[in-house]
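Remarks on the structure that follows.
Note that ligands are numbered from 1 as they come in the structure, with each ligand's atoms numbered from 1 the same way.
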Amino acid sequence: MVVIGSDHGGLELMAAVSEALRQRGLEVVDLGTDNGDSVDYPDFAEKVAAAVSRGEAACGILVCGTGIGMSIVANKFPGVRAALVTDEFMARMAKEHNNANILVLGGRVLEGMTAARLVSVWLDATFEGGRHQRRLDKITQLEADVRAGKL
Ligand code: RB5
């Protein structure tokens, strides 16, 4: 299951992403927005990131105008590794090295076919583990230290 969310700046691109996910036979849970009215990206980043952080969804996709705002919000959530990507290399690295569980795209940056391709590359890639797992473990420790007020 993939949870998705966008603001008005990402709505059009998200339609292409959502269609690509469904064509892969994936269950898609769309947490909005559902029309072109101006909305606040933190509200939709929160819904998707919370679902991933709580383990209700294995992964998610967020789209806003640039992808920047969605990334900033999503990465506040424990256990979320949200990666803003703009090309195939970054999409592959986001999984192989960072094991990103949320892919973030810019609706005013990418075209639909490119976005669908980046989603496929990310989904098809495999986390390499090893030294990259050690680095993710450090991020997990940082989260715990910040929560405990040690940092
Ligand atoms: C909305 O105009 C825009 O600021 C938003 O979609 C996003 O790009 C923020 O990072």
Side-chain angles (χ1 to χ4, degrees), residues 1-24 26-125 127 132 135-136 138-147 149 151:
M1 190 244 278
V2 184
V3 281
I4 63 172
S6 76
D7 71 355
H8 55 288
L11 190 62
E12 194 178 326
L13 194 75
M14 186 55 99
V17 167
S18 172
E19 176 58 23
L21 291 170
R22 291 194 169 92
Q23 277 181 8
R24 286 177 69 104
L26 292 169
E27 182 192 354
V28 178
V29 175
D30 188 344
L31 300 178
T33 187
D34 58 7
N35 64 68
D37 294 349
S38 181
V39 291
D40 298 333
Y41 61 81
D43 298 336
F44 298 91
E46 177 192 335
K47 291 173 199 272
V48 169
V52 172
S53 183
R54 290 195 293 250
E56 294 163 8
C59 63
I61 298 177
L62 287 166
V63 187
C64 62
T66 58
I68 295 170
M70 291 294 200
S71 309
I72 292 170
V73 178
N75 280 311
K76 305 274 182 214
F77 285 73
V80 166
R81 293 177 300 278
L84 172 58
V85 306
T86 55
D87 61 28
E88 287 192 30
F89 176 71
M90 293 179 77
R92 187 159 51 80
M93 286 299 115
K95 179 67 76 57
E96 291 184 354
H97 286 195
N98 309 111
N99 203 15
N101 48 17
I102 295 184
L103 192 74
V104 190
L105 304 168
R108 296 171 182 156
V109 179
L110 300 172
E111 292 183 344
M113 280 179 59
T114 306
R117 175 78 191 131
L118 300 191
V119 168
S120 286
V121 168
W122 172 64
L123 288 173
D124 290 340
F127 178 52
H132 303 296
R135 292 158 188 167
L136 297 193
K138 289 190 176 186
I139 295 172
T140 304
Q141 186 61 51
L142 280 172
E143 286 176 347
D145 288 351
V146 168
R147 237 191 340 265
L151 291 175

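A distance-only check finds no donor-acceptor pair linking the side chain of Asn98 to the backbone of Ala100 [under 3.5 Å]. Under a 3.5 Å cut-off, the side chain of Asp7 and the backbone N or O of Asp40 do not form any donor-acceptor pair.
For Asp43, there are no side chain to side chain donor-acceptor pair (under 3.5 Å) partners, not counting sequence neighbours.
Looking at Gly65 next to ligand 1, an N or O pair under 3.5 Å apart turns up.
Under the 4.0 Å distance rule, the nearest protein heavy atom to atom 8 (O) of ligand 1 falls inside the cut-off.
Residue Gly69 has at least one heavy-atom neighbour below 4.0 Å for each of these atoms of ligand 1: 9 (C), 10 (O).
Nearest heavy-atom pair across Ser53 and Pro78 is OG-O, 2.7 Å.
The closest approach between a heavy atom of His8 and any atom of ligand 1 is below 4.0 Å.
Of all the heavy atoms of Thr66, the ones lying under 4.0 Å from any atom of ligand 1 are found in both the backbone and the side chain.
Applying the salt bridge (charged side-chain N to carboxylate O under 4.0 Å, His left out) rule to pairs touching residues 82-101 yields Glu88-Arg117, Arg92-Glu96, sequence neighbours excluded.
From the protein, the heavy atom lying nearest to atom 5 (C) of ligand 1 is Asp7 OD2, 3.2 Å. Summary of contacts: the protein heavy atom closest to atom 2 (O) of ligand 1 is Arg108 NH1, 3.3 Å.
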